[in-house]
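To start, the structure under review is shown below, and the notes come after it.
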Amino acid sequence: MSEPRRARRVHVDTDPGLDDLLALAFAAASPELDIVGLTTVAGNAPLEAVTYNALGWCALAGLDVPVGRGADAPLELPRIDATHFHGADGRRGIPLPAPLHAAEADAGAVLRESLTARGAELLIALGPLTNVARLAASDPGLLDGLPVLWMGGSLCGGNVTPAAEFNCHVDPHAVDAVLDSGAALRVIGLDVTGCVRLREAELSAQRWPGTARGAFACALLDALVAAEEIVSGQRAAVLHDPTAIAAALDVDVLRWERRWLAVEAGDGPERGRMLELPGGDGDAPLFACEVHHERVRRLFLERLVDWCAEDAA
Ligand code: BDR
Ligand code: CA
């Protein structure tokens, strides 16, 4: 009889954020993944808000792992947030339980320990790459060959400006640093995540368990629909960050091509535009070109509903 497969240890760097919170729930709901640490980064909302959300989410999920309070601004450029979409608190006022513990002050140490002492085999980054870039600078070689899945970038235009995707726009210098870090980087950009949508009709047909987690997940999805309507006029929940979790569960939900990538770093209208360069030496990052969106949506909903039902509250 074959041994049951061990869960893959992962560290998640995140800026929660409505879709980040859903992605975290999707990861926690998946027995194939074992979250060993979290770090937060200013992105969707200021650092205090996203760190509170990560801690409150841990309380809801019953997950007792270190949470490191990370960068409160990009490496070089002025800070930008997406509070017009995610709300001033990063969760549009959706209630969370009070955190059970405080955040660790040094996110670099939390991330380093996840990758060493806690044995994380995969880093999933769901926000601007500032923390990851800082680690690459402080610990040269630590990211060498490490599988990193990053939701960010786009070769098909932007969502925050016509040129740029939000995570890439916030800290383009960090993207450059991670592209140069030696990490085995997979880039999951708007080209694919923009296609992974749950329409309002599908969501209202879904029955959610009457638990605290059920109320939370349902409220997050409703808030995503309301926010999307403001920015694009469409009533659908776009699953950007959950698509990165789907890729961690099954890399074949996406079709990948090696692409040499660069990013515009100036603080003008082109800030954060991702560019494709002609080939160079060594291995280019893998860029997600196509998505089996139906598989991602189905997996996401099944796992999320199970996670909500598991909650005794
Ligand atoms: C990305 O930007 C953020 O607003 C989302 O959380 C996601 O990580 C999509 O462009
Ligand atoms: Ca995010």
Side-chain angles (χ1 to χ4, degrees), residues 10-27 38-47 49-54 57 70-71 74 79-92 94 123-132 148-172 174-175 178 186-198 220-221 223-232 234 236-248 263 271-274 287-288 291 296 300:
V10 300
H11 179 99
V12 185
D13 185 72
T14 176
D15 60 336
L18 302 169
D19 61 328
D20 299 74
L21 289 165
L22 287 164
L24 288 169
F26 186 14
L38 295 176
T39 39
T40 60
V41 59
N44 286 324
L47 185 65
V50 297
T51 303
Y52 182 90
N53 293 347
W57 177 82
R79 199 168 70 72
I80 289 174
D81 65 36
T83 49
H84 64 287
F85 187 95
H86 296 267
D89 60 1
R91 58 189 151 89
R92 288 189 157 237
I94 296 166
L123 171 58
I124 303 176
L126 304 176
L129 286 172
T130 321
N131 292 334
V132 186
V148 176
L149 286 174
W150 175 49
M151 190 282 124
S154 154
L155 291 173
C156 69
N159 57 355
V160 59
T161 67
E165 181 279 331
F166 178 76
N167 293 332
C168 204
H169 180 70
V170 171
D171 200 346
V175 181
V178 175
R186 288 179 186 256
V187 177
I188 302 162
L190 293 183
D191 310 63
V192 289
T193 65
C195 310
V196 188
R197 292 164 174 259
L198 290 167
L220 283 173
L221 286 162
L224 263 186
V225 171
E228 188 59 33
E229 184 170 32
I230 294 167
V231 298
S232 73
Q234 296 186 15
V238 186
L239 301 179
H240 297 294
D241 291 339
T243 302
I245 304 302
V263 180
R271 171 175 172 172
R273 181 192 285 280
M274 187 167 262
F287 183 82
V291 58
V296 176
F300 169 78

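Numbering of ligands and ligand atoms starts at 1, following listing order. Just so it is clear, the structure is predicted and the values come from calculations on it, not from any experiment.
The two atoms that bring F26 and P242 nearest to each other are CE2-O, 3.4 Å, heavy atoms only. Across R92 and I230, no two heavy atoms sit closer than the pair NH2-CD1, 3.6 Å.
Protein heavy atom nearest atom 3 (C) of ligand 1, with residue, atom name and distance: N44 OD1, 3.1 Å. Nearest non-hydrogen protein atom to atom 10 (O) of ligand 1 is E165 OE2, 2.4 Å. Of all protein heavy atoms, the one lying nearest to atom 8 (O) of ligand 1 is D241 OD1, 2.7 Å.
The minimum distance between the Ca ion (ligand 2) and any N, O or S atom of D15 involves atom OD1. Its N, O or S atom nearest to the Ca ion (ligand 2) is what matters here, and for D241 that atom is OD2.
Taking the side chain as every heavy atom from C-beta outward, N53 and D20 never approach each other to under 4.5 Å. Put simply, the side chain of D15 reaches to within 4.5 Å of the side chain of F166, judged on heavy atoms.
Within the 3.5 Å criterion, the main-chain N or O of T40 finds a donor-acceptor partner in the side chain of N131. The closest donor-acceptor contact from the side chain of R197 to the backbone of V238 lies at 3.5 Å or more, if one exists at all. Using a distance-only test at 3.5 Å, with no hydrogens or angles considered, no donor-acceptor pair links the side chain of H11 to the main chain of L123.
Looking at L18 against ligand 1, nothing comes within 4.0 Å, counting heavy atoms. Proximity of L126 to ligand 1, defined as any heavy-atom pair under 4.0 Å, is confined to the backbone N, CA, C and O atoms.
Close approach of ligand 1 to F166 (heavy-atom distance below 4.0 Å) involves ligand atoms 2 (O), 3 (C), 4 (O), 10 (O).
Considering backbone and side-chain atoms alike, D19 places an N or O below 3.5 Å from some N or O of ligand 1. Residue contacts with ligand 1: D15 is placed with no nitrogen or oxygen under 3.5 Å of a nitrogen or oxygen of the ligand (distance criterion only).
Considering CD1 of I94 and CG of L21, their distance stands at 8.0 Å, rounded to 0.5 Å.
Between the Ca ion (ligand 2) and G127 there is no N/O/S contact shorter than 3.0 Å.
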